[in-house]
Structures are given as C-alpha cells and as structure tokens.
Amino acid sequence: MRQLDPKLAAQRPLDIFVFSIESVQGQSLKTHEDSLRLLEKLGFKVGEFQVFEDMNRVIEHCEKVKNLRGDLPFEIDGVVLKLNDLSQREKLGYTSKNPKWATAFKFPPEEVETMVRSIEIQVGRTGNLTPVAHLTPVQISGSTVSKATLHNEDYIAEKDIREGDVVVVRKAGEIIPEVVRVNMDKRGPDTKVFEFPKKCPVCGSAAYRNEGEAYRQCLNASCPAQVRRKMEHFVSKKAMQIEHIGASIIERFMDQGIIEEIPDLYRLEEKKEKILSMDRMGEKSYQRMKDSVEASKQRDLHRFVYALGIPYVGEKTAKVLAENYDSIDEIVGSSKEAFEQIDEIGTVIAKEIEAFFQEERNVVLVEALKKAGVNTEKKKTNTQASRVFEGKKFVLTGTLPTLTRDQAKELIEKHGGSVSGSVSQKTDYLLAGEKAGSKRDKALELGIDILTEEQLMEWVR
DNA sequence: TGAGTTCTTG
DNA sequence: TAAAATGGGG
DNA sequence: CCCCATTTTACAAGAACTCA
C-alpha cells in the first residue's frame with residue numbers, strides 16, 4: 001500500500017476490515033458494539049466480534065478461535081479483547097504507549113530449530129554489552145531470522161547456550177526473534193560453555209558488572225561504539241529528528257573523520273569537500289542532510305533533553321523535565337533535591353540527571369550545541385501550537401458549550417486556520433453549537449463537515 | 001509489589 | 001525483518 | 001535506465017529497572 005502512486009496501490013487486491021471508529025457527528029455511541037454496528041450499517045466490513053459478560057466465556061472464545069485459525073482466509077496471530085463500554089474506557093485511559101482498556105491474547109508462536117553460528121557482543125548507547133546470537137538463517141512465520149538477542153550474561157548461562165548449539169527459535173509477537181532453549185540431544189561433543197567477555201569488544205577497556213545488575217558495561221565514555229550509538233540516538237526520529245542521517249552515514253562519517261562528536265553534525269559545511277568525495281555522496285545528498293540538520297535547531301526542549309541520552313531519561317521523563325523547567329540551563333543549574341520534588345522522578349533518576357550535568361564533557365556538549373544555534377528553551381505555547389488547521393476555513397454558528405466565539409476563533413487561528421462569516425463552497429468546516437440556524441442548513445446542503453466544540457478540542461490536542 | 005518506563009533487539 | 005523511496009553513479 | 005546503498009517505517013516483546 002505504501003506507494004507514492006495511488007494507482008499502483010489500487011491495482012493490488014486489497015480489502016479492509018474496519019475495527020474502530022474515532023469520532024462520529026450527530027450520534028452518541030455508548031459502546032464499541034454500537035460503533036461496529038454503525039460501521040456495518042454504513043457498509044463497511046468489520047472484523048468478527050462478540051460481546052461477553054463473563055471472563056470465562058472470553059477465555060473459551062480465545063481457545064475456540066485458536067482452533068479456527070487454520071481455516072481462515074487470512075492470517076491472524078491472536079484475539080483482541082476490548083472493553084465494550086466507552087465511558088469505562090475513558091476512565092481507564094492510556095499509558096504513554098498503550099490503552100489500558102484493551103489487550104491481546106496471542107497464539108503460541110511457531111517454533112523452528114536452527115544453529116547458533118556465533119555469539120557476538122554489541123555495545124549500546126549506554127555502554128551495555130548485549131550478546132546477540134548469529135544464527136543459520138531460517139524462515140519463521142513469514143520472514144527470515146538470522147539473529148536473536150540473548151539479553152545478557154545470565155540469560156546465556158541459565159539456558160547454557162553455546163556457539164554451535166542447535167536451538168529452538170521463535171518470533172515473540174510474530175516479530176522479535178527469541179531463543180527458547182537448546183536442543184541438548186543435538187549438542188556436539190566439543191562445544192564450550194560460552195564465556196562472556198570481560199572487556200569491551202570495541203575499545204578494549206574493562207567491562208564492569210555491578211552487584212545486582214544484569215548488564216556488564218563499558219565505562220569508557222569515549223568508546224567509539226558508544227559515541228556512535230549516542231549520535232544515532234541524537235538524530236533519531238523521537239529525539240532531534242535529523243532526517244537522512246542514519247546509522248550507516250554516522251559510521252562512515254566517523255570512519256572518515258568527518259565527525260567525531262555530536263556538535264560536528266552542525267559543522268558539515270566545513271567538511272563539504274570530503275563528504276562529496278565519498279562514494280555515493282552527491283550534492284543532493286549533502287544538501288538534504290544539511291537542511292535536516294538546520295531544521296533540527298528548532299526542536300522543542302523535551303526533544304533536546306531526550307536527545308542528550310541521560311540514563312533513565314527517556315521520552316516520558318524528558319517531557320516531565322521540560323514541563324518543569326523552561327530551558328536546559330535551568331535544568332543544568334538545578335539539583336537532585338529539586339528533581340526529586342517532581343512527580344515521577346525519584347531518587348535514582350534525580351541522581352542520574354545531576355551526575356550527568358556534573359560531567360564536564362556533558363556541559364561542554366550542551367554549550368557547543370547552544371553555540372551551534374540549537375534551541376535549548378521551551379517554546380512558547382503559541383509557537384509550539386500545531387498547524388492542524390493550516391489552510392482550512394471555518395465558520396462559526398450557534399452558542400458553544402464552553403468557548404466564546406472569540407476564543408474559538410483565536411484557537412482556530414492559532415492552529416493555522418481562518419474564520420469567516422458565512423458558509424460557502426470554500427468553507428471547510430462549520431463549528432456548530434446550540435441553536436445553530438440557517439448556517440447549519442446551508443452547510444448540510446453543501447456537504448460541509450460540521451464539528452462540535454468537543455471535536456475541535458480533540459483535534460488540537 | 002504492581003504499574004509504567006527505559007533499553008534493547010530483529 | 002521487509003519493503004518502498006531516493007539519489008549516486010555507471 | 002538500472003543497480004545499489006541508505007533511510008525510513010511499521011511491526012513488537014522481554015528484561016531490567018524506577019516510582020510510589
């Protein structure tokens with residue numbers, strides 16, 4: 001489906017099951033069942049569903065579907081269980097990743113045997129050493145598996161996984177390869193217990209493992225592997241979102257001495273000659289990278305905080321920090337006592353943040369980025385407003401439940417839309433409240449979408 | 001200790 | 001992991 | 001025009017760890 005030319009996609013024998021409806025105008029849906037019935041009535045195919053009152057029936061149903069799996073004209077990997085009552089759903093809400101009102105019952109994944117050719121050690125952004133099994137490639141549920149993570153030292157020891165072993169592999173959730181166990185019957189006579197390296201495989205410095213911790217870590221902050229991974233993290237989509245610079249460009253540029261550390265990304269023009277002289281690097285590639293780097297100077301504070309790669313400061317915690325401080329300088333100048341006062345930040349993370357900014361190198365990094373022109377301050381609400389209404393013309397009518405007309409207008413304009421007085425062909429949306437009159441009729445006649453205040457708010461959120 | 005996040009992997 | 005888009009270079 | 005390398009993106013889980 002992912003085609004630039006829709007005609008190409010249209011040629012493919014595609015079909016759709018609709019499984020959810022996000023918002024409807026002029027209808028109040030109380031349950032998920034209602035919404036599916038409505039979709040059916042409107043002519044959409046919906047996935048098969050059933051409503052249960054009793055959890056035991058739900059379990060029975062999952063078992064039943066499991067047995068039906070092979071008979072279906074399409075592949076499934078499980079059954080989705082959702083709370084039917086929409087108001088109850090709202091009460092449960094979401095974590096930052098998942099709804100709390102739905103879960104999936106997954107069928108046991110297909111298991112296949114293959115051989116562990118070698119166990120390689122990778123060094124991550126934080127210095128953690130993670131062992132990865134390189135396998136003789138095998139097909140499992142539709143794709144080729146050639147590697148699988150072994151997590152850590154203990155995991156290997158517990159399952160006694162050795163190079164040369166025949167192992168049972170499966171794809172958890174049909175995606176992530178996992179080594180389930182060793183087939184001991186097929187163990188060769190001269191396999192050796194895997195010895196986890198005590199040195200960083202990249203920089204050779206001693207790798208320590210703290211009491212009670214799972215990972216052995218390379219503590220050398222200048223370890224090339226770590227520097228590289230930190231840079232990948234910095235440019236990544238959820239961090240500074242520098243497009244067209246990925247893992248392999250970073251690696252090649254580092255090998256060529258074009259970049260050594262993160263701030264060098266902002267000085268590509270100094271190395272333009274060298275970049276262009278590289279294989280498969282032309283003016284266009286250079287310019288694209290340059291433009292992306294330039295654009296990254298305008299990212300909001302929370303992205304910057306996340307991009308720094310402070311231990312345990314992921315996306316969520318970065319946002320929490322950015323809500324509590326207006327700039328990176330304020331964060332750098334703060335203390336662990338202050339961090340601890342913030343909800344969701346405890347003693348451990350507070351200490352990590354403080355320690356991070358006590359490192360000279362990290363302060364230098366922040367200063368260098370600031371100097372390069374990277375934004376390190378929280379943007380004002382009006383500049384960070386979304387542009388969801390860009391180019392859209394609105395007309396207001398009736399009395400809105402909570403907003404005054406002026407407030408609604410301000411909100412629409414803040415998000416890039418415009419408001420006009422009367423409904424015409426050019427109108428994109430009618431925002432209608434109580435006692436909407438002729439404008440509403442006109443909008444209906446012209447087939448213009450009619451929004452409630454609630455839907456408008458939903459949109460800008 | 002349960003819930004949620006981070007970190008890592010293909 | 002797979003697949004499409006993109007640009008470089010032959 | 002074709003081949004190739006690179007990026008991007010969706011998919012997703014499990015282990016480790018923190019917070020409260």
Side-chain angles (χ1 to χ4, degrees), chain A residues 1-5 8-9 12 77-78 92-98 100 104 106 109 120-135 137-155 158 169-180 209-210 212-215 217 229-230 232-233 235-238 241-253 275-289 292 306 309-320 339-340 342-353:
Chain A
M1 276 169 70
R2 212 170 33 176
Q3 304 289 324
L4 283 187
D5 183 357
L8 270 175
R12 304 192 171 179
D77 65 347
L92 285 174
Y94 297 80
T95 67
S96 56
K97 253 187 125 170
N98 303 304
K100 299 190 202 172
K106 296 276 186 129
E120 310 289 334
I121 307 293
Q122 300 189 351
V123 184
R125 163 171 73 87
T126 59
N128 286 349
L129 268 45
T130 31
V132 174
H134 287 233
L135 311 162
V138 272
Q139 287 290 122
I140 313 180
S141 45
S143 67
T144 311
V145 168
S146 57
K147 295 181 199 166
T149 180
L150 298 178
H151 297 113
N152 56 53
E153 219 167 329
D154 291 348
Y155 189 90
E158 239 163 67
V169 180
R170 69 179 176 198
K171 290 211 291 179
E174 309 257 281
I175 305 280
I176 308 292
E178 175 186 35
V179 173
V180 185
R209 182 175 172 191
N210 288 330
E213 286 183 356
Y215 284 95
Q217 258 190 337
R229 303 303 284 264
K230 281 192 167 77
E232 285 170 21
H233 173 76
V235 303
S236 70
K237 185 178 152 86
K238 289 178 173 177
Q241 209 182 7
I242 301 180
E243 294 165 313
H244 310 117
I245 298 185
S248 83
I249 295 279
I250 289 171
E251 185 167 0
R252 289 169 66 200
F253 279 13
I275 293 171
L276 292 176
S277 76
M278 287 173 72
D279 206 26
R280 301 193 159 274
M281 274 293 167
E283 190 66 42
K284 258 189 175 167
S285 306
Y286 169 78
Q287 200 53 49
R288 281 202 306 180
M289 291 189 293
S292 310
Y306 176 61
I310 305 164
Y312 300 115
V313 179
E315 252 191 302
K316 168 84 180 173
T317 310
K319 280 184 183 157
V320 169
F339 295 133
E340 249 182 272
I342 301 170
D343 191 30
E344 291 178 290
I345 296 181
T347 50
V348 177
I349 295 179
K351 214 162 97 191
E352 290 282 2
I353 303 168

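Just so it is clear: chains get the letters A, B, ... in the order the sequence lines come, proteins before strands, and each one is counted from 1.
- Atom CD in Gln241(A) sits roughly 10 Å away from atom P in dT8(D) (whole-Å rounding).
- Residues Arg209(A) and Asp154(A) are paired through a salt bridge, judged by an N-O separation under 4.0 Å between the basic side chain and the carboxylate.
- In this structure, Ile349(A) reaches the sugar-phosphate backbone alone: every heavy-atom distance under 4.0 Å involves primed, P, OP1 or OP2 atoms, never a base.
- Residue-level contact check: Lys237(A) touches the backbone only, with heavy atoms under 4.0 Å from sugar-phosphate atoms and none from bases.
- Here Glu283(A) lies in heavy-atom contact (under 4.0 Å) with sugar-phosphate atoms only.
- To the nearest angstrom, P of dG14(D) lies 15 Å from CD of Glu158(A).
- Inspection of the Lys319(A) and Ser96(A) side chains reveals no N or O donor paired with an N or O acceptor under 3.5 Å.
- When the side-chain nitrogen and oxygen atoms of Gln122(A) are compared with OP1 and OP2 of dT9(B), one or more of them lie within a distance under 4.0 Å.
- Taking atom CD1 of residue Ile310(A) and atom C1' of nucleotide dT18(D), one finds them 16 Å apart after rounding to whole Å.
- Positionally, the nearest nucleotide of DNA chain D for Asp77(A) lies more toward the 5' end than for the other of Asp77(A) and His151(A).
- Arg229(A) has a carboxylate O that lies under 4.0 Å from a charged side-chain N of Glu232(A), or vice versa, which qualifies the two as a salt bridge.
- The separation between Met281(A) atom CE and dG9(C) atom P is 9 Å, rounded to whole Å.
- Side chains of Gln122(A) and Thr149(A) form no contact here, defined as non-hydrogen atoms less than 4.5 Å apart.
- Closest contact between the side chain of Asn128(A) and the listed nucleotides dT9(B), dT8(B), dG7(C) involves dT8(B).
- At the heavy-atom level, Leu150(A) lies nowhere under 4.0 Å from the strands shown.
- In this structure, Lys230(A) places its NZ atom 11 Å from P of dC7(B), rounding to the nearest Å.
- In this structure, Asp77(A) and Lys106(A) approach most closely via the heavy-atom pair OD2-NZ, 3.0 Å.
- In this model, the phosphate group of dC11(D) is not approached by any side-chain N or O of Lys171(A) to a distance below 4.0 Å at OP1 or OP2.
- Atom P of nucleotide dT5(B) and atom OH of Tyr306(A) are separated by 13 Å, given to the nearest angstrom.
- Under 4.0 angstrom from either OP1 or OP2 of dA2(C) there lies at least one side-chain N or O belonging to Thr144(A).
- For Ala214(A), the listed nucleotide lying nearest its side chain is dC17(D); candidates were dC19(D), dA5(D), dC17(D).
- Between the side chain of Arg125(A) and the base of dC7(B) there is no donor-acceptor pair of N/O atoms closer than 3.5 Å.
- In plain terms, the two heavy atoms of Asp343(A) and Val320(A) that are nearest each other are O-CG1, 3.9 Å.
- No engagement by Lys351(A) is indicated, since no non-hydrogen atom pair under 4.0 Å with the nucleic acid exists.
- Using a 4.0 Å heavy-atom criterion, one finds that Glu213(A) contacts the sugar-phosphate atoms exclusively.
- Nearest to the side-chain atoms of Thr130(A) among the listed nucleotides dT9(B), dA20(D), dG14(D) stands dT9(B).
- Across Lys171(A) and Pro109(A), no two heavy atoms sit closer than the pair O-CB, 3.5 Å.
- As judged by a 4.0 angstrom heavy-atom cut-off over every strand, Lys100(A) is placed among residues touching the sugar-phosphate backbone only.
- In this model, the phosphate group of dT6(C) is not approached by any side-chain N or O of Ser285(A) to a distance below 4.0 Å at OP1 or OP2.
- Between the P atom of dT7(D) and the CD atom of Glu251(A) lies a distance of 10 Å, rounded to the nearest Å.
- The side chain of Ile175(A) approaches dA12(D) more closely than any other nucleotide in the set dC4(D), dA12(D), dT7(D).
- Neither OP1 nor OP2 of dA5(D) sits under 4.0 Å from any side-chain N or O of Ser248(A).
- Projected onto DNA chain D by closest heavy-atom contact, Asn152(A) and Ala247(A) fall at different nucleotides, the more 5' of which corresponds to Ala247(A).
- Counting heavy atoms from C-beta outward, Glu344(A) and Ile349(A) have side chains that stay 4.5 Å or more apart.
- As judged by a 4.0 angstrom heavy-atom cut-off over every strand, Asn98(A) is placed among residues making no nucleic acid contact.
- Each of dC4(D), dA13(D), dT8(B) was ranked by its minimum atom distance to the side chain of Ala172(A); first place goes to dA13(D).
- For Arg288(A) and dT8(D), the shortest distance from a side-chain N or O to OP1 or OP2 is not below 4.0 Å.
- Distance, Ile242(A) CD1 to dT6(D) P: 19 Å, rounded to whole Å.
- Comparing Lys316(A) and Ile176(A) by the nucleotide of DNA chain B that holds the closest heavy atom to each, the one mapping nearer the 5' end is Lys316(A).
- Side-chain nitrogen and oxygen atoms of Thr317(A) include at least one within less than 4.0 Å of the OP1 or OP2 phosphate oxygen of dT6(B).
- Between Tyr312(A) and His134(A), the residue whose closest nucleotide on DNA chain B is further toward the 5' end is Tyr312(A).
- A sub-4.0 Å separation between OP1 or OP2 of dA13(D) and a side-chain N or O of Arg170(A) is absent.
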